[in-house]
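These numbers come from a predicted model, not from an experiment. Each chain gets a letter, A, B and so on, in the order its sequence line appears, and its residues count up from 1.
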2 protein chains.
Amino acid sequence: MENSLQARPDLTKNQSLVMGALAQANAPLSAYTILDQLRDHGFRAPLQVYRALDKLVEFGLVHRLECLNAFVACRHPECEAQEIIAFTICEACGQVGEISDDSLARRIKKVAKETGFQSKKSTVELRGICQACHAI
Amino acid sequence: MENSLQARPDLTKNQSLVMGALAQANAPLSAYTILDQLRDHGFRAPLQVYRALDKLVEFGLVHRLECLNAFVACRHPECEAQEIIAFTICEACGQVGEISDDSLARRIKKVAKETGFQSKKSTVELRGICQACHAI
DNA sequence: GCAATTATGTAATTGTATAACGTATATCAA
DNA sequence: TTGATATACGTTATACAATTACATAATTGC
Ligand SMILES: [Zn+2]
Ligand SMILES: [Zn+2]
Ligand SMILES: [Zn+2]
Ligand SMILES: [Zn+2]
């Protein structure tokens with residue numbers, strides 16, 4: 001049986017550039033912000049960014065935040081092994097945290113199943129204030 | 001102390017029209033789909049829809065689904081009393097369900113708090129197959 | 001009436017994402 | 001070597017989503 005984890009191939013040039021932009025940022029970037037940052041490297045059109053992002057998300061290197069229409073580099077080593085990740089998005093500093101909690105995942109699965117819903121993909125995004133910003 | 005629940009005033013004409021479109025639909029509608037449906041009633045511009053949607057969401061009569069950029073009428077009588085609602089979105093029939101489970105809400109609050117995150121607003125959206133579609 | 005607030009109409013613009021082309025390159029089998 | 005397949009890339013145009021800016025009308029509270 002195939003391992004469901006994506007065996008990550010070497011990144012292409014465009015994929016590397018987009019990954020680099022996201023890795024350097026300490027907050028989510030929109031596709032168009034990435035495009036602007038990479039114009040000096042030859043990027044001209046949104047599709048170049050979106051195609052790279054599609055692959056990077058597929059590889060599990062990047063997450064998409066639905067509530068921001070933005071993308072963030074994964075900082076969570078064990079990410080691919082988790083079914084459900086909760087993202088914490090600080091509205092003060094923009095930083096994104098990743099929480100993977102088994103009991104939370106089980107709870108979500110359970111409440112869904114109780115209504116007969118078969119969940120395939122879940123989005124959990126929390127907006128608020130991170131610890132660092134709250135301390136200020 | 002003011003009640004945080006919105007005392008719902010009568011809806012204006014535009015708000016009623018948008019609410020009607022969403023109430024009739026059995027799946028989420030995008031703002032532009034609503035606009036098209038209401039052209040016969042004098043709607044000409046997206047802003048007329050977005051302004052009505054803003055109010056309806058504020059009143060708790062409509063929910064916005066982040067992962068779809070779409071809006072759905074609330075089918076959940078006790079909705080406003082719940083801090084956290086999980087939406088189930090069927091990828092087969094499009095129907096949206098609302099789950100409010102106290103233990104899930106507590107769990108989410110708890111895992112966030114463990115990382116020092118102060119959550120203000122949460123988005124929980126599950127995509128998959130609903131019971132009816134699974135039975136087919 | 002009058003001021004303040006809320007709702008509406010319209011046009012223009014900005015932001016997000018994809019469709020539809022064509023081209024280039026790597027891989028593999030015949 | 002050729003042909004088939006798969007993948008990546010570049011470009012243009014277009015579709016879809018949301019907001020800004022400004023003017024006008026209706027409503028509400030004195
Ligand atoms: Zn991750
Ligand atoms: Zn912060
Ligand atoms: Zn509801
Ligand atoms: Zn269904």
Could you state the atom-to-atom distance from [atom1] of [X] to [atom2] of [N] in whole Å?
X     : N      : atom1 : atom2 : answer
A/E66 : C/dT16 : CD    : P     : 14 Å
A/L38 : D/dC9  : CG    : P     : 13 Å
B/F43 : C/dT8  : CZ    : P     : 8 Å
B/L17 : C/dG9  : CG    : P     : 10 Å
A/L53 : C/dT16 : CG    : P     : 12 Å
A/L35 : D/dC9  : CG    : P     : 15 Å
B/R39 : C/dT10 : CZ    : C1'   : 13 Å
B/Q15 : C/dA7  : CD    : C1'   : 8 Å

Below 4.0 angstrom from OP1 or OP2 of [N], is there any side-chain N or O of [X]?
X     : N     : answer
A/Q48 : D/dC9 : no
B/K55 : C/dA7 : yes
A/T12 : D/dC9 : yes

Practice task
Give a yes or no answer on whether the side chain of B/Q82 reaches the backbone of B/S100 with a donor-acceptor pair at less than 3.5 Å.
Solution key: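 A pair under 3.5 Å: no.
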Exercise for the section: Indicate yes or no for a side-chain donor-acceptor contact from A/E98 to the backbone of A/R75 under 3.5 Å, with no hydrogens or angles considered. Expected result: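 Flag set: sc A/E98 to bb A/R75 pair under 3.5 Å.
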Practice task
Consider only side-chain heavy atoms of I, L, V, M, F, W and Y, link residues closer than 4.5 Å, and tell whether A/V96 and A/I34 are in one cluster.
Solution key: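 Cluster IDs for A/V96 and A/I34 differ.
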Exercise for the section: Sugar-phosphate atoms are those with a prime plus P, OP1 and OP2; base atoms are the rest. Using that split, label each nucleotide of nucleotides 14-27 of chain D B, S or - for protein heavy atoms under 4.0 Å, 5' to 3'. Expected result: ---BBBBB------
Problem - Close aromatic pair by centroid cut-off 6.0 Å: B/H63 and B/F87 - result: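 Between B/F87 and B/H63, which both carry aromatic rings, the centre distance is below 6.0 Å.
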Problem - Evaluation steps, side chain to side chain contact (heavy atoms under 4.5 Å, CB included), between B/L29 and B/F71 - result: CA-CA 5 Å; B/L29 300 180; B/F71 300 82; 5.9 Å; no
Problem - The single option from B/L53, B/V72, B/L61 passing side-chain contact (heavy atoms from CB on, under 4.5 Å) against B/L22 - result: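 Looking at B/L53, B/V72, B/L61, the match for B/L22 under the side-chain contact (heavy atoms from CB on, under 4.5 Å) is B/L53.
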Exercise for the section: Using the side-chain contact (heavy atoms from CB on, under 4.5 Å) rule, pick out the option among A/T123, A/V124, A/I99 that qualifies with A/I84. Expected result: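 Filter result, single survivor: A/V124.
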Handout entry: A/K109/A/E83 salt bridge by N-O under 4.0 Å criterion
Key =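 Result for this pair is yes, salt bridge flagged.
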Problem - Ionic contact status for B/R64 with B/E66, cut-off 4.0 Å - result: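 So B/E66 pairs with B/R64 through a salt bridge.
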Problem - the helix from C/dG1-D/dC30 to C/dA30-D/dT1: angle between end helix axes, five pairs per end, rounded to 10 degrees - result: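 So the angle between the two local helix axes works out to 30°.
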